[in-house]
Trainee: 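Below you will find the structure I want to go over with you.
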Amino acid sequence: MNSSKRKYAILAGLSLILMAVLAGYAYGFVYGSLVFPADAEKTRDSIQQALGTYQSGIAAWIGILILDILVAWALHLYLREVHPRLSLPTAMIRLLYSAVLGLAIYHQLTVIWILDEGTANQVIQELKAFESIWSNGLILFGLHLIGLGFLAWKAEFVPKLWGGLLVFSGICYSLIHLAKAFFPEHIDQIVSIEQVLSLPMALAEIGLAIWLVWKGGRIPSHSKNLSQ
């Protein structure tokens, strides 16, 4: 494999790893500690008291958005030789997901603009809009992972383990967030299922990311020997 393929693998892998770190901070730490869906007043007060932290969370979301675009481009270039007609649509779906994520982030920004003059209910409604739009976007993200999984499975230079995990993860993402959209009355059961499946869902992209940085695009040792 040529050096450019190695560069695409490293770019995609490092971007995915950095995205995971930013997501842990933005959603796991900032959003999780400042937003209380059942208590609008507490949410507004916590954001007002830790506005800098909330703003840093938004900055992390914007970073995730940029990295999503980089990943879509890098993975397309890395896998396009496998099946060009599938690789490009798979990348475009991730770009479409990124656009939806951008719209969701806009609602987090709106919270800052209305924080002083808006009501607590307006604040929580903006945050619920963020969650709803992002959740709908993850349906598209799941479709992207399914396409990516098929490409990885078909590629001779990617272990089939990652292809299988990506397809499974993509199906889980799409079905879970479709269920959230169409069956909100069963949200508790859906969230319970999501928690059970969260580990294999996370392992798919993180595992692929580590493999891409470690071995993606490298020329196999036996091929080096043959060329010498």
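Quick caveat: nothing in here was measured; it's all calculated off a predicted structure.
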Trainee: Check whether H186 reaches the backbone of Q189 with its side chain - one donor and one acceptor, N or O, closer than 3.5 Å.
Mentor: no
Trainee: Any heavy-atom pair between the side chains of K5 and F157 that's under 4.5 Å?
Mentor: yes
Trainee: Against L115, only a single residue in E126, Q48, Q122 fulfils side chain to side chain contact (heavy atoms under 4.5 Å, CB included); can you say which?
Mentor: Q48
Trainee: Can W134 and Y27 be said to form a ring pair (Phe, Tyr, Trp, His ring centres under 6.0 Å), step by step?
Mentor: CA-CA 12 Å; W134 182 38; Y27 191 68; 5.1 Å; yes
Trainee: Backbone N or O of I171 within a donor-acceptor pair of the S174 side chain at under 3.5 Å?
Mentor: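 Side chain of S174 to backbone of I171: no pair is present.
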Trainee: Is there a donor-acceptor contact under 3.5 Å from the side chain of S87 to the main chain of P84?
Mentor: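 Not confirmed, S87 side chain does not pair with P84 backbone.
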Trainee: Can you name the residues that form a ring-ring contact (aromatic ring centres under 6.0 Å, His included) with Y25, not counting sequence neighbours?
Mentor: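 Partners of Y25 under the ring-ring contact (aromatic ring centres under 6.0 Å, His included) test: F29.
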Trainee: Counting C-beta onward and ignoring hydrogens, is there a side-chain heavy-atom pair between V158 and V82 closer than 4.5 Å?
Mentor: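 V158 does not reach V82 side chain to side chain.
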Trainee: If hydrophobic clusters are built from ILVMFWY residues whose side chains come within less than 4.5 Å, do L161 and I206 share one?
Mentor: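 No: no chain of side-chain contacts under 4.5 Å links L161 to I206.
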Trainee: In sequence, state the C-alpha distance, the side-chain angles, and the governing distance for W61 and F130, and then conclude on ring pair (Phe, Tyr, Trp, His ring centres under 6.0 Å).
Mentor: CA-CA 12 Å; W61 281 112; F130 159 76; 5.3 Å; yes
Trainee: Which residues satisfy the salt bridge (charged side-chain N to carboxylate O under 4.0 Å, His left out) test with R94, sequence neighbours excluded?
Mentor: D68, E205
Trainee: Can you list everything that forms a side chain to side chain contact (heavy atoms under 4.5 Å, CB included) with L88? Sequence neighbours excluded, please.
Mentor: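 Partners of L88 under the side chain to side chain contact (heavy atoms under 4.5 Å, CB included) test: H76, M92.
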Trainee: Hey, is the main chain of Q195 close enough, under 3.5 Å, to the side chain of S198 for a donor-acceptor pair?
Mentor: yes
Trainee: Just do the side chain to side chain contact (heavy atoms under 4.5 Å, CB included) check on V111 and Y54 with the steps written out, would you?
Mentor: CA-CA 10 Å; V111 169; Y54 180 77; 3.4 Å; yes
Trainee: Given 3.5 Å as the limit, does a donor-acceptor pair link the side chain of S15 with the main chain of L11, or not?
Mentor: yes
Trainee: Of all residues at least two apart in sequence or in a different chain, which pass the ring-ring contact (aromatic ring centres under 6.0 Å, His included) check with Y97?
Mentor: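 With neighbours one apart ignored, the set is F141.
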Trainee: Quick one: salt bridge (charged side-chain N to carboxylate O under 4.0 Å, His left out) partners of E194, sequence neighbours excluded?
Mentor: K180
Trainee: List for me each residue that meets salt bridge (charged side-chain N to carboxylate O under 4.0 Å, His left out) alongside E41, sequence neighbours excluded, and say none if there are none.
Mentor: R44
Trainee: With a 4.5 Å limit on heavy-atom distance, are the side chains of L212 and L75 in contact?
Mentor: yes
